[in-house]
Number of protein chains: 2
Amino acid sequence: MKISAQEEYGLRCLVQLANLQPGESLTLPQIAEREGISTANAGKLMWLLNKAGFVHSTRGTKGGYFLARPASEVRLNEVIKVLDQDVLNKHCESYTGVLDSCVHNGDCGIRPVIVGLHEIVENALSQITLAQLVGTESSVDAMFHQIKGIHRTLEAQRI
Amino acid sequence: MKISAQEEYGLRCLVQLANLQPGESLTLPQIAEREGISTANAGKLMWLLNKAGFVHSTRGTKGGYFLARPASEVRLNEVIKVLDQDVLNKHCESYTGVLDSCVHNGDCGIRPVIVGLHEIVENALSQITLAQLVGTESSVDAMFHQIKGIHRTLEAQRI
DNA sequence: GCAAAACATTATTTTTTTGTCAAGATTGGT
DNA sequence: ACCAATCTTGACAAAAAAATAATGTTTTGC
């Protein structure tokens with residue numbers, strides 16, 4: 001179970017733009033160099049993010065990329081959704097009524113697990129905005145710490 | 001972000017064994033047929049699970065696979081860990097001190113996100129046992145429902 | 001003891017995912 | 001107008017993951 005390379009590096013590139021001052025922008029070579037990936041690869045990621053409306057780009061000599069929306073209004077679950085098909089795969093889409101051809105219709109014991117994980121991850125990511133990832137001091141650690149504490153509580157109650 | 005095919009089908013095969021009565025076992029062709037995968041593929045999954053000590057197998061005409069431990073003592077995070085390398089990838093292993101070659105050392109804004117998701121998913125899976133997945137009525141839905149409710153509470157508090 | 005049924009293990013092929021290349025299009029500066 | 005820097009986009013190559021094939025080993029029943 002993992003974050004795909006596209007998801008991870010796409011998100012990293014966005015964070016770079018979130019760290020810019022108003023009016024600044026970054027070129028593809030600049031972005032690529034900082035992430036240790038090729039310019040071509042960065043280009044594809046930025047193209048996805050551009051198409052989805054997260055960034056704007058200008059061509060020409062003084063061109064580059066910059067955020068299309070304030071960092072505080074960009075939630076991570078939306079970003080991830082664009083960089084890959086979905087936050088979690090849903091092999092059992094019949095659970096949500098989309099697909100009926102799954103061999104596990106009827107008695108699929110693990111379907112609730114897959115769907116439940118999907119919603120937990122989506123929920124956690126939806127609570128994080130790009131703005132929380134700028135600079136070195138992030139408020140993300142605190143949030144995850146609190147969520148983990150709650151999980152421990154659940155466990156103690158033997159749900 | 002997704003569960004790999006190996007993780008999903010391996011877990012499904014285990015659930016099949018968890019649904020057996022004491023003394024019963026299932027052959028590879030039986031397991032494969034119920035999951036809609038090839039016998040060879042099921043064989044590899046069961047080999048992994050066997051090597052990790054989750055199942056036992058007997059050869060010969062009356063052979064087959066059965067659980068090596070009570071279903072109530074098998075937690076899903078352990079199963080997933082065996083079927084893939086880890087519950088979530090850790091591109092930034094320098095965070096835990098394992099790898100220092102990551103280009104993002106020093107100012108990696110998304111590292112807490114990756115590590116935090118890792119722990120959330122691991123934590124959720126550790127609360128589910130194979131026993132909770134037998135039959136049609138599972139207690140997993142209820143657990144996830146409660147966790148999701150807590151996430152909503154967090155959101156309301158604007159963590 | 002022999003044959004059939006079943007698991008064990010390694011190698012190969014296929015598919016999917018990632019990453020790269022190259023040609024085109026747009027802008028800014030001179 | 002031209003050139004250089006930049007983004008855009010489709011085709012292609014490499015790597016990883018998944019699935020299959022093939023060969024070997026063990027056990028049961030006769």
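Hydrogens, waters and symmetry mates play no part in the numbers below; they use all other heavy atoms, side chains included. Letters A, B, ... are given to chains in the order of the sequence lines, protein chains preceding strands, and every chain is numbered from 1.
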Applying side chain to side chain contact (heavy atoms under 4.5 Å, CB included), name anything that partners [X], two or more places apart in sequence or on another chain.
| X | value |
| --- | --- |
| A/Gln21 | A/Glu24 |
| B/Gln30 | B/Leu26, B/Thr27 |
| A/Ala131 | A/Ala71, A/Ser72, A/Thr129 |

Interatomic distance, [X] [atom1] vs [N] [atom2] [rounded to whole Å]:
| X | N | atom1 | atom2 | value |
| --- | --- | --- | --- | --- |
| B/Asn41 | C/dT10 | CG | C1' | 15 Å |
| B/Lys2 | D/dA16 | NZ | P | 17 Å |
| A/Leu48 | D/dT9 | CG | C1' | 12 Å |
| B/Gln6 | C/dT16 | CD | P | 16 Å |
| B/Leu83 | D/dA18 | CG | C1' | 14 Å |
| B/His56 | C/dA8 | NE2 | P | 11 Å |
| B/Leu45 | C/dT9 | CG | P | 15 Å |
| A/Phe66 | D/dC7 | CZ | P | 11 Å |

- request: Might you point out which heavy atoms bring B/Arg69 and B/Val74 nearest each other, and give the distance in Å?
  value: CB-CG2, 4.2 Å
Can you tabulate the close N/O pairs, meaning under 3.5 Å, that link protein atoms to atoms of nucleotides 10-13 of chain D?
none

message: Once rounded to the nearest 0.5 Å, what's the spacing between atom CD of B/Glu119 and atom OG of B/Ser126?
response: 11.5 Å
query: Atom CD1 in A/Ile80, atom CD1 in A/Ile3: separation rounded to 0.5 Å?
result: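 Separation between the atoms: 6.0 Å.
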statement: Per-nucleotide protein contact along nucleotides 2-7 of chain C, 5' to 3', at a 4.0 Å heavy-atom cut-off (B base, S sugar-phosphate only, - neither), is --BBSB
task: Can you sort out the partners of A/Gln6 under side chain to side chain donor-acceptor pair (under 3.5 Å), two or more places apart, ordered by chain and number?
output: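 For A/Gln6, no residue satisfies side chain to side chain donor-acceptor pair (under 3.5 Å) once neighbours in sequence are set aside.
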message: Given 3.5 Å as the limit, does a donor-acceptor pair link the side chain of B/Glu122 with the main chain of B/Asn77, or not?
response: no
Show every donor-acceptor pair shorter than 3.5 Å between a side-chain atom in residues 42-58 of chain A and any protein atom, with sequence neighbours excluded, or say none if there are none.
unit_1: A/Asn50; atom_1: ND2; unit_2: A/Ser57; atom_2: OG; d: 3.1
unit_1: A/Thr58; atom_1: OG1; unit_2: A/Gly64; atom_2: N; d: 3.4

message: Please compare B/Lys51 and A/Ser38 by the position of their nearest nucleotide in DNA chain C and report the one closer to 5'.
response: B/Lys51
